[in-house]
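Each remark here refers to the structure printed beneath this line.
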Amino acid sequence: MRLSRYFLPTLKETPSEAQIASHRLMLRAGMIRQGAAGIYSWLPLGLRVLKKIEAIVREEQDRAGAQELLMPTIQSAELWVESGRYEDYGKEMLRIEDRHGREMLYGPTNEELITDIFRKEVRSYRDLPKMLYHIQWKFRDEIRPRFGVMRGREFLMKDAYSFDLTPEGAVRSYNAMFVAYLRTFARLGLKAIPMRADTGPIGGDLSHEFIILAETGESQVFFHKDFEKKDALSLNPDFDADLQPIVDDWTSIYAATEEMHDAATCGVAEGDLVTGRGIEVGHIFYFGDKYSKPMGATVQGPDGELVNVEMGSYGIGVSRLIGAIIEAFHDDNGIIWPESVAPFKVGLINLRSGDAACDGACEQLYKDLGAAGVEVLYDDRDERAGAKFANMDLIGLPWQVTVGPRGLEKGMVELKNRATGEKTEVALAEIVAKLS
RNA sequence: CGGGGAGUGGCGCAGUCUGGUAGCGCAUCUGUUUUGGGAACAGAGGGUCGCAGGUUCGAAUCCUGUCUCCCCGACCA
């Protein structure tokens, strides 16, 4: 992409409403613009990151055996009356009336709808287990939206739902999602800590929150320092095998959110206990027949009896993750994207647009990198060097290739690592190979 | 929902107390000179001051109502 043609409205100054780093940087880097309180438009750069995260989430869901479908944003109130949550959910649910006076709502979650789909189609235990998910916009009318996309009212969420015949089977599904989440967050460059959590209005017996550490996090968290050594990226689980050992390995180390933590009973020595603030990026629940029972989602078991299916639900805040990643990876100059979610891998800076040698070298590099499958944002604008450097640091692409007259005389370009700040001289002829 | 703050060119803000018909920086456009960490000079365009009503010869400024946004707290898959 050529920056001269790209819709990338970056800001030198911080809009006054943005308080925390991720919100400020997302506005300044031209990723989002606010439409109303807690509601945002995603501009091209922001959307690219959102899509990258979505793709990783999708890959790991598929790998864990879940199947993607897509449910609508607008739902009928009837199902929610049936489950008993139409009244319970309160004002956080955006209620809508259509032209015929039917009660509708903008879905805050999808347990009811997926249960309805399931009960209409599945009759036999032979069809179980089933794990279905979608990645769809949700709306929750938060009392006080804040922190940009971290606590928006409209947000993109991956929500998965499992259906099993028995509690044991449900735990297997739960474990599969648990491990899939470990991998997902690790691939996003994040250290996520699973913590036993309160099940809240979803209800149920078993629940973990996945929390990444950041100073601006909304919840206080406590965990054993051994978590700092855990590495989920190296997990290569066989999802057909028993995953309980992996889950046990990760849950045997103490970690809890504020509501669940009790210093007296946690059993962690004071010197080993780490306290911090965290951002919840995922939450998984096993809740048995909480929805299948009132909604009559049954299958016929081996003995011919009708059984309410055992269910679980599993959420990842896809749009929130962008904010969380920026909270974890930024400095005074801007964002520092992990390579897996960077909107482009390389920023190509032409220090002297209009200079024949610089233009020629850049055009060739741009073409060659593109041919090598490397995503490049080429700053071909007629701007001064400082402006280009500052802008590139702000949007945080992992690699910057600087082409200027001085280096070109020697056949060299400069390669900068955004994360470390390290700059190296690389021969023009070698740069494509180095970045591919 | 309780408490607090703010709405003035695209962005950041001053002007409001002490009414007299809108200003600064950045950004934008044109030209010239520049060019390795957010250039300089010259010129130009762009707002009727959130909205509605009122007071007044005259309202960004005073009064009433209303909408929106932000912050703290409570709330929160």
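Numbered from 1 within each chain, the chains take letters A, B, ... in sequence-line order.
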Separation of the [atom1] atoms in [N] and [M], to the nearest angstrom:
N	M	atom1	result
B:G50	B:A14	P	14 Å
B:C49	B:G43	C1'	27 Å
B:U48	B:U16	C1'	15 Å
B:U18	B:C62	C1'	12 Å
B:G58	B:A42	C1'	38 Å
B:G45	B:G53	P	32 Å
B:G31	B:G19	C1'	42 Å
B:A22	B:U61	C1'	11 Å

Table of protein N/O atoms under 3.5 Å from nucleotides 12-15 of chain B N/O atoms:
| unit_1 | atom_1 | unit_2 | atom_2 | d |
| --- | --- | --- | --- | --- |
| B:G12 | OP1 | A:S16 | N | 3.1 |

Geometric class of the A:F178/A:Y174 ring pair [parallel <30°, tilted 30-60°, perpendicular >60°]: tilted
Presence of A:Q34 side-chain N/O under 4.0 Å of B:C70 phosphate oxygens OP1/OP2: yes
Phosphate OP1/OP2 of B:C72 contacted by A:R144 side-chain N/O (<4.0 Å): yes
Test item: A:M177 and A:M131 side chains (from C-beta on) under 4.5 Å apart, heavy atoms: yes
Watson-Crick or G-U counterpart of [N], or none if no pair lies under 3.5 Å:
N	answer
B:C69	B:G5
B:A59	none
B:G37	none
B:C13	B:G23
B:A44	B:U28
B:A74	none
B:U64	B:A52

Non-neighbouring partners of A:I74 that pass side chain to side chain contact (heavy atoms under 4.5 Å, CB included), sequence neighbours left out: A:I96, A:M104, A:Y106
With sequence neighbours excluded, residues passing side chain to side chain contact (heavy atoms under 4.5 Å, CB included) with A:K410: A:M412, A:E425
Whole Å only: how far is the [atom1] atom of [X] from the [atom2] atom of [N]?
X	N	atom1	atom2	value
A:K91	B:A74	NZ	C1'	15 Å
A:E142	B:C70	CD	P	13 Å
A:H23	B:C69	NE2	C1'	11 Å
A:Q19	B:G5	CD	C1'	11 Å
A:L27	B:G10	CG	C1'	14 Å

Aromatic centroids of A:Y161 and A:F118 separated by under 6.0 Å: no
A:K158: side-chain hydrogen bond (donor to acceptor under 3.5 Å, both in side chains) partners, not counting sequence neighbours: A:Q61, A:Y181
Under 4.0 Å protein heavy-atom contact, by nucleotide of nucleotides 33-39 of chain B - B base, S sugar-phosphate only: -BSBBBB
Pairs of donor and acceptor atoms involving the side chains of residues 338-347 of chain A, under 3.5 Å and at least two apart or interchain, shall be tabulated with distances.
| unit_1 | atom_1 | unit_2 | atom_2 | d |
| --- | --- | --- | --- | --- |
| A:E339 | OE1 | A:W399 | NE1 | 3.2 |
| A:S340 | OG | A:R187 | O | 2.7 |
| A:K345 | NZ | A:L435 | O | 2.6 |

Pi-cation contact, A:F239 with A:R172 (under 6.0 Å, within 45°): no
Salt-bridge contact A:R85-A:E111 (side-chain N to carboxylate O under 4.0 Å): yes
Where A:I212 and A:L190 come nearest, the two heavy atoms and their spacing: CD1-CD2, 3.8 Å
Pairwise 5' ranking along RNA chain B for A:K138 and A:A36, keeping only the more 5' one: A:A36
A:K388 side chain to A:S353 side chain, donor-acceptor N/O pair below 3.5 angstrom: yes
